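The block underneath contains the structure these notes are about, expressed in structure tokens.
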2 protein chains.
Amino acid sequence: MSPANLSDRLAQQRKLISTAYDPQLVRDAGQRLIASLVTHLQTVQAGQGQVLNWQPPTENIALATERLQQADRAPELNADQLTARFTELIEQTLQHGQNLHHPHYVGHQVPASLPLAGLFDAVTAITNQVMAIYEMGPWATAVERAMVHELGAAIGFTPGKFSGLVTSGGSLANLTALLTARNVTLGDSWKTGLAHSQLPPVLVTHAEAHYCVTRAAGVLGIGTDQIVRVPLDRQRRMEPAALDRILIELRQRNVPIVAVSAAACATPSGAFDPLVEIAQICRQHQVWLHVDAAHGGAACLSPQHQHLVAGLELADSVVCDAHKMLFIPALCAFVFYRQHEHRYAAFEQVAPYLFDPSVPGMAEFDNGITNVECTKRAAAMGLWGVWSLFGRQLFAALVDVTLDLAQQFYRLLVEQNDFQPLCQPPCNIVVFRYLPPTLRDRSPAEIDAFQLRLRRAVIEAGDFYLVQTSLDGRSYLRTTIMNPLTTAAHLRQLLDCLREYGQKLLP
Amino acid sequence: MSPANLSDRLAQQRKLISTAYDPQLVRDAGQRLIASLVTHLQTVQAGQGQVLNWQPPTENIALATERLQQADRAPELNADQLTARFTELIEQTLQHGQNLHHPHYVGHQVPASLPLAGLFDAVTAITNQVMAIYEMGPWATAVERAMVHELGAAIGFTPGKFSGLVTSGGSLANLTALLTARNVTLGDSWKTGLAHSQLPPVLVTHAEAHYCVTRAAGVLGIGTDQIVRVPLDRQRRMEPAALDRILIELRQRNVPIVAVSAAACATPSGAFDPLVEIAQICRQHQVWLHVDAAHGGAACLSPQHQHLVAGLELADSVVCDAHKMLFIPALCAFVFYRQHEHRYAAFEQVAPYLFDPSVPGMAEFDNGITNVECTKRAAAMGLWGVWSLFGRQLFAALVDVTLDLAQQFYRLLVEQNDFQPLCQPPCNIVVFRYLPPTLRDRSPAEIDAFQLRLRRAVIEAGDFYLVQTSLDGRSYLRTTIMNPLTTAAHLRQLLDCLREYGQKLLP
């Protein structure tokens, strides 16, 4: 290309860029966005329309791809056309999603998030406030630190003695904490690797730990075969006596123990481990105690329910997801270390373009040193914003109301002769089966397959959204009350809905 | 608490929740938000005010904490008060941040992001569209897949043969790809761990690889001592002949090689490795080639600059961050595998509450199986949305305009007698020093310390935002043209500004 042509092309490109960054376009698009979102929330929260807008993956992918290719083919658009196309894209997105704000959403542990938290996220997304080093996100860093201090204190850690960080999700949070445990426990494993280990180390876990905990053993070079699962009691909680026996036996054989990973609560069942006893046993054997409190950690903010997580403050590391029971949009996961000095144990690095050696004191506030992420979202902004509006009472309310409704749902299930709850729910996770008389004399395999088929029919129709689980090899229906706008009336409708589809599907 | 009191409290809590979820409040707050953001963008893009609103960390943390405590103390608010408080919080956030949209922002590789991309992020944040399994985020999944297909094809991978995913940041993306390489290369390391390795494996990297690449060796149990750094040529690119010698020697000693990790481009210098030659050498030795193209991968969308990443399509795994040179807000990082079958090699897990065994074909669309994240943000929505508005030409324009300006800046630096560029910039990363005559006869240590002191003064004053780096033990000023609204005139002002502060600070 000749210099003149190049110069012309660059001028045209600058014009296109100037259109894309035009604040007036942002205003027009933003106003349409708010209008569309508010209408959508009104409709969905009122329980109108479907929960899940089911369409097979290949069809949705074809639609999304067509949009990209259409834009590649299209000539340049003026501002009005851009705003109109923007509105179409927003509407398409809203019409093809999963509606967590629908009161019939009782599925995975992903909340009908506080909409205002999403507005705070919008500020950081549009202005791209990030971290890694303090100077790149001074307010993002401050907000994260303020939240770490408040939430850590609510867990019961000693102010000034603990530290914490926010990362992208509970899986990454558990990985980070267990990496810290590995580095502290195995000494020089960060530098020398695990191939130099004398004896292969083990990770001791709750028998029904979330897959990210067992995965961490695979990622960190420990090996998933090196996981020792502690047996559960009848309420599916880790059994302290069994843990004690396991640790005694491992110590006798000099097997290095990376950590004990307990659950508050376990994902499939909602069971809370007896943390006070477990912590005492871990201290006796000088073993790192990690608690995956991704779901249940929020109970520390409820005077009524904080007893569920008693002992959390005795753990060496704790994970708590704000994008679960604090009702914040994904992702905002906290890692806490009871001892401040462990905050730098996960990672080591030199990055001279990043960390300014002329102000060494600033490293304390440079998040990149403690996190997997280098560039990192201002993930705590939504939580900080909503807390700053309503105070901690809102989070207590969300925990109390959803846990109360789970108890109501359990009592409702007990009253039915064609439903069978697994057990009284320890929190807002309720596991049960639809078991009408005609199904009872079928084989276990048929009963199990029927639960899955029933769920599939209900969710694809979009009437309700619930999930399945498998416990001791048997299949169950599983609900989590993750929408505080769901009521007992909605749950009665759920049972009617399951009956209706069930009768049609019965073998 | 008595049942009656409990019931009263729950009723009050439900009322508070109903206020927090009120669509009318979302409308009022959303309108204020858009107004504040548009005014902010107008001001900042016009170059008014400071780039970085510098305040020491402890002061910002105290302000952020005060907001939380104030809300804890405050009585319940009505809708008008909430909207007013919301607006205050937004304004406070905007006033204490880093203004990447200011044309004087020429710092880290974090872009002045496309504001409309942030609006798309707002939709998914407010409606909390997530992934892990397809049914939780059908549209989010479709959008991610569509982007993977388009971007992978643009890199040059064969449609239908490659696969890809989006994850939370370039560091996590590099970790995921290198985990896949480790699992494929070392056979059973996922299950048995690395303690069973016969010979400790190594990771071969660009000598100035991003810290997340070297960290990956620490995280994955390989060990940071097990990194073999390939020497660089004078343009700071990996030297193919040196790589060949290293691989021959390692193979002779039967040392397991996890991967060769090349850079496109290297973070400190912007140098692009000669990928075609490197790929050929890796194939000869049957070694996994990973390319960290977090920054430079976007060049594949520019007909003018795609030569920079020629050979990227020969790599076994590639990382490309949309939140760098595709100008999308953090975080949106792509991992590509040239061979589709490697997509499941990073992780293995059983999670019966998550994956529905009754529809096994759906697993292909369940992102949790290929990602560290379980619950995952709809991170590709902003990229999909902006691409669907403007087409790929916008991304070519962003690459071309910023790379062109870097060349202009280089020529400007060459013309000055008191500035010294390190080398002609291979992309939009420009490294240089301020070196007025009076400084030239000082010791190297004094010259280096002066660069850092100068930068500190400029960024804390908020006049410009640029960064520092260290190459071969010497300190430099480092700029990246990450704002397409920056012009040559702004860069002339940067030199004047550095001179002005420099003269004041000269020893």
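In what follows, chains carry the letters A, B, and so on, assigned in the order in which the sequence lines appear, proteins first and then strands, with residues in each chain numbered from 1. All values reported here derive from a predicted model rather than from experimental measurement.
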Using non-hydrogen atoms and a 4.5 Å limit, figure out which bit of [X] sits close to chain A: side chain, backbone, both or neither.
X: B:Leu389; value: both
X: B:Gln42; value: both
X: B:Leu63; value: both
X: B:Val130; value: side chain
X: B:Leu114; value: both
X: B:Ala140; value: neither
X: B:Leu485; value: side chain
X: B:Ser189; value: backbone
X: B:Arg453; value: neither
X: B:Val359; value: side chain
X: B:Phe390; value: both
X: B:Ile61; value: both
X: B:Leu52; value: side chain
X: B:Leu37; value: side chain

Next on the checklist: Once salt bridge (charged side-chain N to carboxylate O under 4.0 Å, His left out) is applied, what residue pairs with a partner in residues 107-121 of chain B remain, sequence neighbours excluded?
Outcome noted: B:Asp121-B:Arg377
Next on the checklist: For the backbone of B:Gln98 and the side chain of A:Gln129, can you confirm whether one donor and one acceptor N or O come within less than 3.5 Å of each other?
Outcome noted: yes
Next on the checklist: Check whether B:Arg67 reaches the backbone of A:Gly385 with its side chain - one donor and one acceptor, N or O, closer than 3.5 Å.
Outcome noted: no
Checklist entry - Salt bridge or not for B:Asp404 and A:Arg9, using N-O below 4.0 Å? => result no
Next on the checklist: Does this structure show an ion pair linking B:Lys191 with A:Asp225, if we count only N-O contacts that are shorter than 4.0 Å?
Outcome noted: no
Options [options], ranked by heavy-atom pairs under 4.5 Å with chain B, top entry:
options: A:Leu25, A:Ile90, A:Leu82; answer: A:Leu82
options: A:Ser388, A:Gly118, A:Gly30, A:Ser171; answer: A:Ser388
options: A:Thr141, A:Thr375, A:Thr224; answer: A:Thr224
options: A:Val123, A:Leu10, A:Thr93; answer: A:Thr93
options: A:Leu172, A:Asp321, A:Val143; answer: A:Leu172

To the nearest 0.5 Å, tell me how far [X] [atom1] sits from [Y] [atom2].
X: A:Gln13; Y: B:Leu394; atom1: CD; atom2: CG; value: 9.5 Å
X: B:Arg27; Y: A:Leu41; atom1: CZ; atom2: CG; value: 10.5 Å
X: B:Ile126; Y: A:Leu119; atom1: CD1; atom2: CG; value: 4.0 Å
X: B:Leu89; Y: A:Met381; atom1: CG; atom2: CE; value: 10.0 Å
X: B:Asn128; Y: A:Leu331; atom1: CG; atom2: CG; value: 9.0 Å

Item to check | Evaluation steps, side-chain contact (heavy atoms from CB on, under 4.5 Å), between A:Leu94 and B:Trp139 | outcome: CA-CA 9 Å; A:Leu94 293 173; B:Trp139 190 246; over 6 Å; no
Item to check | Residues in salt bridge (Lys or Arg N to Asp or Glu O under 4.0 Å) contact with B:Arg456, at least two apart in sequence or another chain | outcome: A:Glu135, A:Asp356, B:Glu460
Checklist outcome for this item: Ranked by heavy-atom pairs below 4.5 Å to chain A, first place among B:Thr65, B:Leu199, B:Leu68 goes to B:Leu68
Checklist entry - Mind checking whether A:Tyr21 and B:Leu116 have side chains closer than 4.5 Å, heavy atoms only? => result no
Checklist entry - Any side-chain heavy atom of A:Pro200 sitting closer than 4.5 Å to one from B:His196? => result yes
Checklist entry - Should the ring pair A:Tyr134 and B:Trp54 be called parallel, tilted or perpendicular, given that the plane angle runs from 0 to 90° and is split at 30 and 60? => result perpendicular
Using heavy-atom distances under 4.5 Å, tell me whether [X] contacts chain B through its side chain, its backbone, both, or neither.
X: A:Ile34; value: side chain
X: A:Leu220; value: both
X: A:Arg455; value: side chain

